[in-house]
Colleague: 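Below you'll find the structure I mean.
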2 protein chains.
Amino acid sequence: MSSLNPSQATARRSSRLTDLGIVDALVQTSFLVQEMLDDIAAEHELSIIQARLLGVLRDREPRMAHLAQLLGLSKQSTTGLVNRAERRGLVRRVSIPVGDERAVHVSLTDEGRRIAELLAAQVSMRVATVAADLPETNRSRLSMLLSQLVLRDADQHGTDLDPQPMRPTR
Amino acid sequence: MSSLNPSQATARRSSRLTDLGIVDALVQTSFLVQEMLDDIAAEHELSIIQARLLGVLRDREPRMAHLAQLLGLSKQSTTGLVNRAERRGLVRRVSIPVGDERAVHVSLTDEGRRIAELLAAQVSMRVATVAADLPETNRSRLSMLLSQLVLRDADQHGTDLDPQPMRPTR
DNA sequence: TATTGTTATACTCTATAACTATA
DNA sequence: TATAGTTATAGAGTATAACAATA
């Protein structure tokens, strides 16, 4: 159990083993979903972290420090991440005339926004496809159960609340 | 939707929004689990890929080429990965006297095995803990639904079958 | 003096191309 | 000639420490 292995707990294929147990089920599902996200990002020649960056910027123009916090990175890593995205024309650094002169805000370029929206749409479609295997009743049941899991964890760990989509792990 | 963002679709905390929708529920769950795996690996000063390496080696001593395939890496990346793990005393390269003289098998050291087992146990505990929030009935229902998802996907994508635990994504 | 962001430096992880040594 | 694995090289991603500019 615990399968630090994606795909693996498959055990003999097509066997009547239909329950992996809660731990393996969760771990393997996470690998499955992450692989989908990674594939989608890769189709745009992006890493998951670059895709997350675009996702986070879909509805805000945070300063470097806030961006670092949103992505769970050090400020130095964020500098590098933004540098590479800027070099590719996906984001830009903007300075706000009034306020702290030291601050820099990061914003999507038109191209960056185009890709960010594409990514969001593709993730929705692709992930929905996996779930489409389940009959409607089970799908909404699953949705609710996972939502409870996620929301309870967020409550407990005081996860901040951001109403924006498109941010993966790291 | 599609939230390439972990933790984020939290929306206003403690609101009565109890259903994120199947897509966000799956995506956020995947981030939640991956973060747990990453935290556990980090407690042992390991990256997720190093933890996966140990997990894969728990029940085999594959050649470099097979290992690369199991981890989804190029053979060159695998050489580097094994080099670093070997330098830390977690794995060792062994040559089998008979057979292809070019082949190298990778095996856990005692220390590597100790850590591999620890990781597996911790993943089991930690992941089970999140699920523990759900009442028993819901938990087994969730386990079955996710298992269906994972197993159906494995069937469709002809995912190989390995009876070993501890292998994450990348 | 404290904070914001960048620079300098170092490692891990990953890939492609070229190479060595068997087969 | 083909295969197993390593070496060479390059670049992304990450972190810590030191620094510049502004508060």
Colleague: Nearest to the side chain of B:M64, which nucleotide is it out of C:dT14, D:dT6, C:dT6?
Modeller: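 Of C:dT14, D:dT6, C:dT6, D:dT6 is nearest to the side chain of B:M64.
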Colleague: Please pick, from D:dG5, C:dA23, D:dA12, the nucleotide with the shortest atom-to-atom distance to any side-chain atom of B:D100.
Modeller: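 My answer, after comparing the listed nucleotides, is C:dA23.
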Colleague: Provide, to the nearest angstrom, the distance between the NE2 atom belonging to A:H66 and the P atom belonging to C:dG5.
Modeller: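 Taking atom P of C:dG5 as the reference, NE2 of A:H66 is at 12 Å.
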Colleague: Could you work out which one of C:dG5, C:dC13, D:dA15 sits closest to the side chain of A:R63?
Modeller: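 Nearest nucleotide to the side chain: C:dG5.
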Colleague: I need the CG-C1' distance between A:L81 and C:dT7, as an integer number of Å.
Modeller: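 That distance rounds to 17 Å.
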Colleague: Rounded to the nearest Å, what distance is computed from the CG atom of residue B:N83 to the C1' atom of nucleotide D:dA8?
Modeller: 13 Å
Colleague: In whole angstrom, what separates A:K75's NZ from D:dA15's P?
Modeller: 13 Å
Colleague: Say whether A:D133 and B:Q156, considering side chains only, have a donor N or O and an acceptor N or O under 3.5 Å apart.
Modeller: yes
Colleague: With A:T78, which of A:L70, A:L73, A:V106 fulfils side-chain contact (heavy atoms from CB on, under 4.5 Å)?
Modeller: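 Among A:L70, A:L73, A:V106, the one that satisfies the side-chain contact (heavy atoms from CB on, under 4.5 Å) with A:T78 is A:L73.
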Colleague: From the options D:dA23, D:dT14, D:dG5, select the nucleotide whose nearest atom is closest to the side chain of B:A103.
Modeller: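 Shortest atom-to-atom distance from the side chain points to D:dG5.
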Colleague: After noting the C-alpha distance and the side-chain angles of B:D155 and B:L151, does the key distance pass the side chain to side chain contact (heavy atoms under 4.5 Å, CB included) rule?
Modeller: CA-CA 6 Å; B:D155 269 1; B:L151 294 174; 5.9 Å; no
Colleague: What integer distance in Å separates B:L71:CG from D:dG5:P?
Modeller: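 Distance check: B:L71 CG to D:dG5 P gives 14 Å.
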Colleague: Mind calculating the distance between CD (B:E45) and P (D:dT16) to the nearest angstrom?
Modeller: 12 Å
Colleague: Pick the closest DNA chain C nucleotide for B:R88 and for B:Q76 by heavy atoms, then say which residue is nearer the 5' end.
Modeller: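 Per heavy-atom nearest nucleotide, the more 5' residue is B:R88.
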Colleague: Could you tell me the separation between the CZ atom of B:R102 and the C1' atom of C:dA23, rounded to a whole number of Å?
Modeller: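 Whole-Å distance recorded here is 5 Å.
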Colleague: Of the nucleotides D:dT6, C:dT6, C:dT14, which one has an atom closest to the side chain of B:T79?
Modeller: D:dT6
Colleague: Grab the CZ-C1' distance between A:R84 and D:dA10 for me, whole Å please.
Modeller: 14 Å
